[in-house]
Amino acid sequence: MKNLIYFLKRFMLPHAGMFTMVLCTGMIAAAASGAGVPFMVKYVFPVVFRNENGAMPELLELIPSLQSLSPGTLLMMACAAMPAVFLIRGVAMWGNAVLVSVLGIRILETLRMQVFSRVQELPIAFMESRKKGDIISRILTDTANVQSILTTVSNDLIKQPIMALCSISAFVFLLVASGQGILFLVNILFIALAAWPIIEFGRRISQKSQRAQQGLGELNAAVQQNLENQREVRAYAMEERQIEYFANASRRLRTNLVKLVKYQKALIPVMEVVTALALAFLLVRGRLYGLQLTDFMAIAAALFFAFDSMKRAGTAWNRFNEAQGAIRRLAEVLMEPNNIPEPENPKVFSSPVRGEIRFRNVTFGYEPDKPVLRGVDLTIPAGQIVGLVGPSGSGKTTFASLIPRFYEVSQGAVEVDGIDVRELRPHDLREQLSLVGQQALLFAGSIRENIRLGRLDATDEEIIAAADSAAVSKFLESQPQGIDTELGQGGAGLSGGQRQRVAIARAFVKDAPILILDEATASLDAESEREIQEELDKLAQGRTTLIVAHRFSTIRNAHRILVFDYGRIVGDGTHEELYANCPLYKELYDRQGIE
Ligand code: ADP
């Protein structure tokens, strides 16, 4: 509930004017059906079908001025009243439906945009703790679900009870007018009885749909994992097992959906049986106590509309319960505290930024009490090229990730040019950094646009110069439109080495004082690695560079090497010094020599 209120405040309040119009049109439609039709039956129909005994219709007694009209005019007016009520009802319903849809479309857009923008600023740790498929389904599917609750459901949850209230009032009025007070009490009991399945089914639907949603998430994850690893799936002939895994997830989802559907679809028949019971009771009672047919019809119509709107409100309530999961999942994204907050009074770098990095007694762990880096304390002077080596899992990547403040240190501080990274705006800090990872991240667009991502205001000359420096130019000739060749999503159309060159060109354009190369050549063959190494060496010149190394060939130009072991730095020096004094380094180096 707390979440719903949050969503209503954040997304409905800005559209309060439109929502009021939605409610007004809804109420007009509700009043026209809930009260208009029963009154029509009771007061207008008798004007058309006069009693055989010639008694004056009640309406003419209530509004004596009508008696002066000629019988023909009166008949015409009476006959026109029904279409008039339905016209009002129709126009109001149309307006209501259009307004609800437009409101929904607007809210969906805002919701989608805000969730997507929020994802951009959420801590990297949040992303890593969730599967990509899950985040995609939050941005696309959950937003649509929540939008439909915010509009349709909140409309129905307000409109239908009002309609029920209108019908119940009409019904009470009609019963009292025809002297049937006791019927009123009994039917109120029926109405209370009808509320029970709404509440009980709502509770069950909420439970079952949570489970169905989880099942859908599992299925999404299975598809995603399979699609991302198609090569492995084929190479290890895992197709059968993958299909089985998918089938199991699919079966679990089906079982949950079937359970859900049983309750979803039970509400309407149950309510109809209750309505029929109430009507039957009305019939018997009416027969015994001489209720007039028009009175009976009017009361029956009011009762029917009352139950009908309760049924609709019940369905809306079910939808609301069903969508609780989506609300919770979106609230998690929108309300997740940003544990990489912007400082209140950010410091700014004095220009030019030199790129000196200092780790002050840093301890860090992805999970509390499980430190991955322990007591790291060192300074990397501006312009130094530093190689990070150590066994896999010893903390090299983690060390490099703390500089752009992808994670928050548990103890100590990381400083750039003497300023604690927590005192800088993350954007200002990251502007001073280029990162070339194992897989070049390319987006759909031309090669030129992909290079320009390094610095959006780079001139065409700068982009060409960067392409030259990164030897992108070398393979441009083989591309159909040179630098303007369009790439597919993820850089499809280029080889691994070519993609890496585009990423290096991007770093040249950015021209940041700090450079992090995180196993930049790890996925390349020896030949491409050797070629790209030259461009990387050029890129590193004059920048503070950290090279997370898997092969020693990538750090041959390093001024200094840090040796990591279980989150500690156990060696710090040049290759010669370490080879002589650091047993772990010697062991790693010798082992690679043999390989
Ligand atoms: P290296 O780069 O030296 O191979 P990492 O810095 O990647 O080592 O990892 C150090 C340790 O931290 C490993 O035990 C690894 O399992 C763990 N680790 C790395 N990334 C994460 C993460 N995103 N969440 C949780 N644990 C992680």
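Every number for a ligand or one of its atoms is a count from 1 in the order of the listing. What's counted below: heavy atoms across the whole structure, side chains too, no hydrogens, waters or symmetry copies.
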Novice: Which of the atoms of ligand 1 are close to Thr398, meaning less than 4.0 Å from one of its heavy atoms?
Specialist: 5 (P), 6 (O), 9 (O), 10 (C)

Novice: Which protein non-hydrogen atom lies closest to atom 11 (C) of ligand 1, naming both residue and atom, and how far is it?
Specialist: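 For atom 11 (C) of ligand 1, the nearest protein heavy atom is Val372 CG1, 3.5 Å.
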
Novice: In plain terms, say whether Lys396 and Glu519 are close enough for a salt bridge, that is, a side-chain N and a carboxylate O under 4.0 Å apart.
Specialist: no

Novice: Would you say atom 15 (C) of ligand 1 touches the protein, meaning some protein heavy atom is under 4.0 Å from it?
Specialist: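 False for atom 15 (C) of ligand 1.
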
Novice: Salt bridge or not between Lys347 and Asp428? Use side-chain N to carboxylate O under 4.0 Å.
Specialist: no

Novice: Does this structure show an ion pair linking Arg455 with Asp511, if we count only N-O contacts that are shorter than 4.0 Å?
Specialist: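 No, this pair does not count.
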
Novice: Got a protein heavy atom sitting under 4.0 Å from atom 9 (O) of ligand 1?
Specialist: yes

Novice: If you measure every N or O of Ser394 against every N or O of ligand 1, does any of those distances drop under 3.5 Å?
Specialist: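 Yes.
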
Novice: If you count the atoms of ligand 1 from 1 in the order shown, which ones are under 4.0 Å from a heavy atom of Ser392?
Specialist: 4 (O)

Novice: Does a salt bridge link Arg422 with Glu408, judged by any charged N lying under 4.0 Å from a carboxylate O?
Specialist: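 Here Arg422 does not pair with Glu408 in a salt bridge, since their nearest N and O are not under 4.0 Å apart.
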
Novice: Measuring from atom 24 (N) of ligand 1, which candidate in Tyr366, Tyr407, Phe564, Phe406 has the nearest non-hydrogen atom?
Specialist: Tyr366

Novice: Atom 4 (O) of ligand 1: which protein heavy atom is closest, and how many Å away?
Specialist: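 Among all protein heavy atoms, the one nearest atom 4 (O) of ligand 1 is Gly393 N, 2.7 Å.
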
Novice: Give the residue, atom name and distance (to 0.1 Å) of the protein heavy atom nearest atom 23 (N) of ligand 1.
Specialist: Glu128 OE1, 2.7 Å

Novice: Taking NZ, NE, NH1 and NH2 as the nitrogens, is one of them in Lys370 or Glu367 under 4.0 Å from a carboxylate oxygen of the other?
Specialist: yes

Novice: Thinking salt bridges, do Asp537 and Arg556 make one under a 4.0 Å N-O criterion?
Specialist: yes

Novice: Does atom CD (Glu232) have a neighbourhood of more than 12 heavy atoms from anything else shown, all under 6.0 Å?
Specialist: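 Enclosed.
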
Novice: Just to confirm my output: which protein heavy-atom neighbour is closest to atom 7 (O) of ligand 1, and how far is it?
Specialist: Thr397 CB, 3.7 Å

